[in-house]
Structures are given as C-alpha cells and as structure tokens.
Amino acid sequence: MTRSTRSPSAAALPLERPQRAAVVGAGAVGTVVAEAVHAAGHRVTLCARRPLESPTVERDGVRSRLDVPVATRAAEVDPGADWVLVATKAQDTPHTVGWIRHLAGPSTRVVALQNGIDHHDRFAPLLASGRLVPALVYISAERLSRSHVLHRWGRRLVVPRDADGADFAELLGRSSIEVVRHADFTTAAWGKLLTNAAANPLTALTQQRMHVLHQSDMRELAHGLLTEAVAAGRAEGAALSGADARQTLDLYDGLNPQTGTSMLADRLAGRPLEYDLITGAVVRAGDRHGVPVPLSRAVLALLRAQGGGASRDALLGLQPRPS
Ligand SMILES: NC(=O)C1=CN([C@@H]2O[C@H](COP(=O)(O)OP(=O)(O)OC[C@H]3O[C@@H](n4cnc5c(N)ncnc54)[C@H](OP(=O)(O)O)[C@@H]3O)[C@@H](O)[C@H]2O)C=CC1
Ligand SMILES: CC(C)(CO)C(=O)C(=O)O
C-alpha cells in the first residue's frame with residue numbers, strides 16, 4: 001500500500017509562472033487531471049485523437065464543463081510545453097509519440113498517468129527530449145460518454161520523491177488533487193499494482209462491478225491473486241507483506257459496490273484490455289524470480305482469450321499496433 005512520505009521539509013518551491021500543460025488522452029483520468037491543472041491556474045490543452053465537444057466532469061451529482069482548448073493534431077499546439085501529461089491506455093502509448101515529440105522540449109516533464117510498474121520502459125522509446133515522471137493514479141473515473149466523465153472516488157497521484165516530483169506537486173498544489181511523493185517508488189508502484197491485481201481482471205472477466213468481490217469464492221480468488229502479487233513484488237524488491245494483500249481487500253470492501261475498474265470499463269466498451277500491464281506484470285516477475293503464480297497465469301490466459309489486448313512489445317513501443 002502507499003505510504004506517504006510527504007513532509008513539510010520536502011515542500012516544493014513555487015513554480016515561476018503559470019505553466020503550460022498538454023494532457024494527451026482526454027479520457028477518464030486525463031479529463032479529471034486536466035480539470036485539476038486548470039483549476040490550479042495553469043494553461044491546459046486537451047489532446048484528443050478525435051474532436052471532442054464540451055468535456056465535462058461529474059462529481060457528487062454535479063456536472064462541470066471543462067473550459068479548455070481541445071486539439072486533435074499536434075501542430076495545433078505550441079511546442080515546448082512545460083508539462084505533457086499522458087493518460088492514454090498503456091497499449092495506446094506508442095501512438096502518442098507524435099504528440100510527445102512535438103510538445104516536449106529539453107525542460108519538459110512528461111508525466112505518465114498510467115497503471116503498471118514499468119512506466120520508464122514504456123515511455124523510454126518515445127522521449128527524444130524532456131524527462132519522464134511516472135505517476136500512480138488513485139483516481140477512479142469512468143467515461144459515460146466521450147465527453148462525460150464520472151469521477152467516482154480518489155484524488156491522489158503518487159510520484160517519485162525527487163525534484164521533478166516536487167515540481168509536479170507544486171503544479172497541482174492549488175487543486176483538489178493531492179500529489180504524494182514516495183521515496184521508494186518500486187514499493188509504491190507494486191502497492192498500486194495490488195489495487196489492480198485482483199479487482200481489474202475479476203471485474204472485467206465477470207463483467208460485474210466491485211460487488212462481485214463480496215462473493216466469498218471470488219474474495220478467496222482475489223486474496224490468492226493478491227498474495228501472488230505480493231510475493232512477485234517482494235522478489236522485485238518491493239517492501240510488501242501479507243498485510244498489504246489484506247489491506248487491499250479492505251480497500252475493495254470499503255468501495256461503493258457499484259464502482260467499477262478501468263478494465264471493466266474497457267471490457268464493457270469492447271476496447272482492448274490492459275492485462276499485460278497488470279496480470280502480465282505479476283506473471284513476468286514471478287517467472288523472473290521462480291515465484292509460483294498459478295492463479296495469475298490462469299487469469300492472464302482468460303484475459304488474453306477475451307481478445308483485443310496488447311502484447312508486451314506493443315506496450316514497449318517496439319511493435320506499434322495499427323491505429
Ligand atoms: N479510469 C480509472 O479509474 C483509472 C485508470 N487508471 C489508468 O489510467 C490510464 C488511463 O485510463 P483511463 O483514463 O481509464 O482511459 P480511457 O480509456 O478513459 O481514456 C484514454 C483516452 O486516451 C485517448 N487516446 C488513445 N490514444 C490516443 C492518442 N494517440 N492520442 C490522443 N489520445 C489518445 C482515448 O481516445 P478515444 O476517446 O479516441 O478512445 C481516450 O480518450 C490507464 O493506464 C489506466 O489503467 C488508473 C487508475 C484509475
Ligand atoms: C484503483 C482502481 C481499481 C480504481 O478504479 C484502478 O486503478 C483502475 O480502475 O484501474
């Protein structure tokens with residue numbers, strides 16, 4: 001689980017001026033984070049692959065329009081942004097290369113707002129300029145339509161505890177999103193992966209919302225998947241224990257049973273699933289270290305059999321899928 005290392009002594013210095021940010025991927029997370037950057041007083045452009053009219057975020061029954069420009073081609077946006085925030089699904093990352101190469105200059109920070117543990121590997125082939133800031137997303141949001149995002153719960157992003165992480169915290173300092181800087185990002189990333197390791201595949205495979213995990217046999221399966229993920233993460237150097245698996249089950253218990261996951265949303269919409277990013281990561285780590293992960297392997301096979309996923313090579317940008 002995420003352990004906050006935020007401390008007053010680690011506070012960021014104020015950024016010199018309103019920053020210019022581009023959010024690539026105007027979906028659930030991208031729209032919520034763009035709204036926050038805008039609310040913090042910065043200039044934001046939403047970069048979408050198709051025209052988008054009047055993006056709105058709904059929260060607690062209130063729908064707010066996000067009044068920022070939407071671009072559909074890189075040439076419509078000035079190069080040299082201070083921040084490029086990428087919030088596409090992982091398998092779409094290679095296709096953001098045109099945006100990133102156009103928008104990022106030497107001092108640009110490219111923030112990867114995606115699930116998974118290998119943000120650096122995923123983005124390294126795409127960055128010709130600028131620096132990557134991996135961000136773990138504790139924001140649950142769902143696209144109800146292309147321009148209507150329901151923000152269900154969560155207002156936290158976790159980044160490494162370094163200078164770029166400090167600037168990112170400052171960027172969102174005057175928004176309702178909290179940026180937590182973590183000194184041990186491997187542990188933070190595996191802690192975040194735990195939140196996904198059972199909930200995402202099990203909701204997607206059953207096409208049920210979180211209430212499915214209240215069923216005793218599904219809860220047992222969830223606990224098994226989480227225990228495997230803890231073991232694989234530990235072998236990779238993450239400071240996790242069985243308590244983290246139990247805390248993740250507690251987190252699931254505490255959620256509104258009608259909450260979904262990003263993978264369920266993709267399954268219901270017939271989009272590719274990020275299985276390689278989540279269950280695939282557990283299986284690969286298990287295999288690397290000789291840690292048995294039979295449940296994760298079985299779940300990975302089931303997810304693959306749904307079709308429409310993305311191979312590891314595609315995720316790393318080595319073999320881009322056709323648009
Ligand atoms: N949703 C959630 O609650 C959470 C999601 N996450 C993670 O955050 C990341 C984003 O997820 P989420 O917001 O749910 O995803 P969505 O599917 O809601 O949004 C992704 C967006 O990216 C756009 N996109 C894809 N390719 C490109 C491209 N080449 N150029 C511009 N835009 C592009 C899509 O466009 P189009 O509209 O055309 O499909 C879509 O609008 C994922 O890694 C996910 O696992 C993490 C925590 C929670
Ligand atoms: C934490 C959780 C489960 C929140 O929605 C998530 O990360 C996802 O849906 O991908």
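These figures come from a predicted structure and were not determined experimentally. One-based numbering, in listed order, for ligands and for the atoms of each.
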Is it the side chain, the backbone, both or neither of [X] that has a heavy atom closer than 4.0 Å to ligand 1?
{"X": "A28", "answer": "both"}
{"X": "R146", "answer": "side chain"}
{"X": "R143", "answer": "side chain"}
{"X": "R50", "answer": "side chain"}
{"X": "A265", "answer": "neither"}
{"X": "I139", "answer": "backbone"}
{"X": "L113", "answer": "backbone"}
{"X": "M263", "answer": "neither"}

Original post:
What pair of heavy atoms forms the shortest contact from A197 to A229, and how long is it?
Top reply: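 The pair with the smallest heavy-atom distance is CB-CB, 4.0 Å.
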Subject >> Shortest non-hydrogen contact between A81 and T108, atoms and distance >> reply: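 Shortest heavy-atom separation between A81 and T108 comes out as O-OG1, 2.6 Å.
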Subject >> More than 12 heavy atoms from other groups under 6.0 Å of CZ on R43 >> reply: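 Open.
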**OP:** Decide if atom CZ of R174 counts as having more than 12 heavy atoms of other residues, nucleotides or ligands within a radius under 6.0 Å.
**Re:**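 No, the 6.0 Å shell around CZ holds no more than 12 heavy atoms from other groups.
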Ligand 1 atoms in contact with [X] (distance to a heavy atom under 4.0 Å):
{"X": "D92", "value": "25 (C), 26 (N)"}
{"X": "C47", "value": "31 (C), 32 (N)"}
{"X": "V29", "value": "1 (N), 2 (C), 4 (C), 5 (C), 6 (N), 8 (O), 13 (O)"}
{"X": "A26", "value": "41 (O)"}

For [atom], what's the nearest protein heavy-atom neighbour? Residue, atom name and distance, please.
{"atom": "atom 5 (O) of ligand 2", "answer": "S140 OG, 3.3 Å"}
{"atom": "atom 9 (O) of ligand 2", "answer": "S262 N, 2.7 Å"}
{"atom": "atom 7 (O) of ligand 2", "answer": "K192 NZ, 2.5 Å"}
{"atom": "atom 6 (C) of ligand 2", "answer": "N196 ND2, 3.0 Å"}
{"atom": "atom 3 (C) of ligand 2", "answer": "N200 OD1, 3.7 Å"}

**OP:** Quick one: look at W153 and ligand 2, take heavy-atom pairs under 4.0 Å, and tell me if it's side chain, backbone, both or neither.
**Re:**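 Under 4.0 Å from ligand 2, W153 contributes side-chain atoms alone.
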**OP:** May I ask you to decide if L171's main-chain N or O and H42's side chain share a donor-acceptor pair within less than 3.5 Å?
**Re:**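 Side chain of H42 to backbone of L171, a donor-acceptor pair under 3.5 Å: yes, one is there.
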Original post:
When you measure from the side chain of D244 to the backbone N and O of S241, does any donor-acceptor pair fall under 3.5 Å?
Top reply: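 Yes, D244 side chain to S241 backbone: donor-acceptor pair under 3.5 Å.
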Original post:
Do T96 and T88 meet the criterion of a side-chain donor-acceptor pair at a distance under 3.5 Å?
Top reply: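 T88 and T96 do not have a side-chain donor-acceptor pair below 3.5 Å.
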Subject >> Test item, W99 contacting ligand 1 (heavy atom, 4.0 angstrom) >> reply: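 Yes; W99 lies near enough to ligand 1 that a heavy-atom distance drops under 4.0 Å.
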Short N or O distance, [X] and ligand 1, threshold 3.5 Å exclusive:
{"X": "R49", "value": "yes"}
{"X": "A48", "value": "no"}
{"X": "G30", "value": "no"}

Subject >> Minimum non-hydrogen distance to atom 15 (O) of ligand 1, winning option of K89, H95, Q91 >> reply: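 Checking each option, the heavy atom nearest atom 15 (O) of ligand 1 is found in K89.
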Original post:
Relative to the heavy atoms of T195, which atoms of ligand 2 are at a distance of less than 4.0 Å?
Top reply: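 Close to T195: 1 (C).
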**OP:** State, yes or no, whether a side-chain contact exists between V37 and Q19 at a heavy-atom distance under 4.5 Å.
**Re:**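 Heavy-atom side-chain distance check fails, nothing below 4.5 Å.
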Original post:
Has M263 got any heavy atom lying under 4.0 angstrom from an atom of ligand 2?
Top reply: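 So M263 does not count as touching ligand 2.
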